[in-house]
Amino acid sequence: MRYNFDEIIPRRGTGSLKWDACPDPDVLPFWVADMDFLTAQPIRQAIVRRAEHGIYGYAAVSEQYYDAVTDWFASRHGWKIEKEWIVPVSGVIPGFAAAVGAYVPRGGKVLVQSPAYNHFFITLEQSGCEAVSAQLVRDGNTYRMDFDALEEKAADPDISLMILCNPQNPVGRVWTREELLRVGEICLRNGVKVVSDEIHCELTAPGRTYVPFASVSEEAARNSIICCSPTKPFNMAGVKVANMIIPDPDIRDRVRREAEMREVAGVNPFGMDALVAAYSEGGSEWLDELNIYINANFRYMKDFCMQYLPGFPIMELEGTYLVWMDCSALGMTSAALEEVLKSEARIWLNAGTMYGPGGGGFMRWNIACPRSVLAEGLRRFREFVDKTGSR
């Protein structure tokens, strides 16, 4: 491989949320979703060029920016986006919050398929909205959608918006075209608009194909708000740049006004240049190798768990770099286990309960790290399990 993802890049003491949030320097972090790999060189070079210019004023979104987005999705994902569909925002969650604010009144309800990204629930609570869960169904070591439950919940006249996570965080599914089409049909029948978080769309395992929700049909496109960003797959979350892709002009105008009112519309100059560099040939090469490495990390973890931790099954990882592990054998709540693992095993995982209904008994691992770090984390987890006698 051209890129050395095995390289250890020291991050402690750099203001890193992932590494510096825990005061114990011996705790290995596998929690928050950022990667321990050097960001792709074209992105680093673009940021350095911008920094060397020496003036960091307000940025006007360039034609090059729009071309980078449209060309990337057309060539990489076979989805033709029109320039006018793109609404640049400071981040996926601020954009998501603007979509909620545009369509859901305080006290309103929003449909969520849980377990789901915890910030969905945080944003809904802050917006004074109620999350209504149509839980995903575990099927062996994967999950499927419960379309009957989805239809039942969507029929509630107080629900005007559904949150889709595609690929799904934390269970690791990459939804198929057929699954997404059924979601679209259910929501159209019930007058429910779909806001789809597709920030992990570039992170897919070999043999899995990301399908943009808005690409499954013209009707789905006219009923959707797609939130995407290069920040997660290219390891530049701190740069703060994202896009809402909204084909319908009425929905787009309404959401854009809400984003402007919240002052989250537009991008910063570093984010603009970083996106253009990410969506380049050099960025694409780096991303291809990254996905191979993450998949190899998952295979390593799967083999380790089958050999040493058979009572702790992990879900198949079709997309993202976040592994969903069943830890119910320990007989502890996920929240309690998170704290015990930090203090006794010296590893930090995310408690499954933070991802809403269906998350109890699970822990989420971030495996986007050098394999030696993952191996040490798994060794520590195995040692902890052996001491508890729960294996």
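Positions are given from 1, in the same order as the sequence printed here.
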Chemist: Output yes when Glu376 and Arg380 qualify as a salt bridge under the 4.0 Å nitrogen-oxygen rule, no when they do not.
Modeler: yes
Chemist: Does Arg138 count as lying over the ring of Tyr143, i.e. NZ or CZ under 6.0 Å from the six-ring centre, within 45 degrees of the axis?
Modeler: no
Chemist: Whether the Glu198 and Asn166 side chains hold a donor-acceptor pair (N or O, under 3.5 Å, no angle test) is what I'd like checked.
Modeler: yes
Chemist: Which value, rounded to the nearest 0.5 Å, describes the distance between Trp31 atom CH2 and Leu17 atom CG?
Modeler: 4.0 Å
Chemist: Is any side-chain N of the basic residue among Arg173 and Glu179 closer than 4.0 Å to the acidic one's carboxylate O?
Modeler: yes
Chemist: Using every non-hydrogen atom in the two residues, find where Asp6 and Arg371 come nearest and quote the distance to one decimal.
Modeler: OD1-N, 4.0 Å
Chemist: Ile86 pairs by side chain to side chain contact (heavy atoms under 4.5 Å, CB included) with which of Ile246, Val69, Ile226?
Modeler: Val69
Chemist: Using atom types as modelled and distance alone, determine if a side-chain donor or acceptor of Glu125 lies under 3.5 Å from a backbone N or O of Ile122.
Modeler: no
Chemist: Output yes when a side-chain donor or acceptor of Trp348 lies under 3.5 Å from a complementary backbone atom of Lys18, and no otherwise.
Modeler: no
Chemist: Check this for me, if you would: do Arg222 and Asp248 make a salt bridge, where the nitrogen-to-carboxylate-oxygen distance has to be below 4.0 angstrom?
Modeler: no
Chemist: State plainly whether the residues Asp24 and Lys342 are in salt-bridge range, i.e. N to O under 4.0 Å.
Modeler: no
Chemist: So, do Tyr293 and Phe37 have ring centers that fall under 6.0 Å from each other?
Modeler: yes
Chemist: Output yes when Glu151 and Lys153 qualify as a salt bridge under the 4.0 Å nitrogen-oxygen rule, no when they do not.
Modeler: no
Chemist: What's the verdict on side-chain contact (heavy atoms from CB on, under 4.5 Å) for Tyr117 and Val92, showing C-alpha distance, side-chain angles and the deciding distance?
Modeler: CA-CA 12 Å; Tyr117 180 43; Val92 163; over 6 Å; no
Chemist: Going by distance alone, is a donor N or O of one side chain under 3.5 Å from an acceptor N or O of the other, for Trp324 and Glu316?
Modeler: no
Chemist: Establish, yes or no, whether the cationic atom of Arg364 lies under 6.0 Å from the six-membered ring centre of Tyr355 and within 45° of the ring axis.
Modeler: no
Chemist: Between Arg144 and Glu178, is there a side-chain N and carboxylate O pair less than 4.0 Å apart?
Modeler: no
Chemist: Distance-only, no hydrogens or angles: does the Glu260 side chain make a donor-acceptor pair with backbone N or O of Ala265 under 3.5 Å?
Modeler: no
Chemist: Is it the case that the ring center of Trp365 lies less than 6.0 angstrom away from the ring center of Phe381?
Modeler: yes
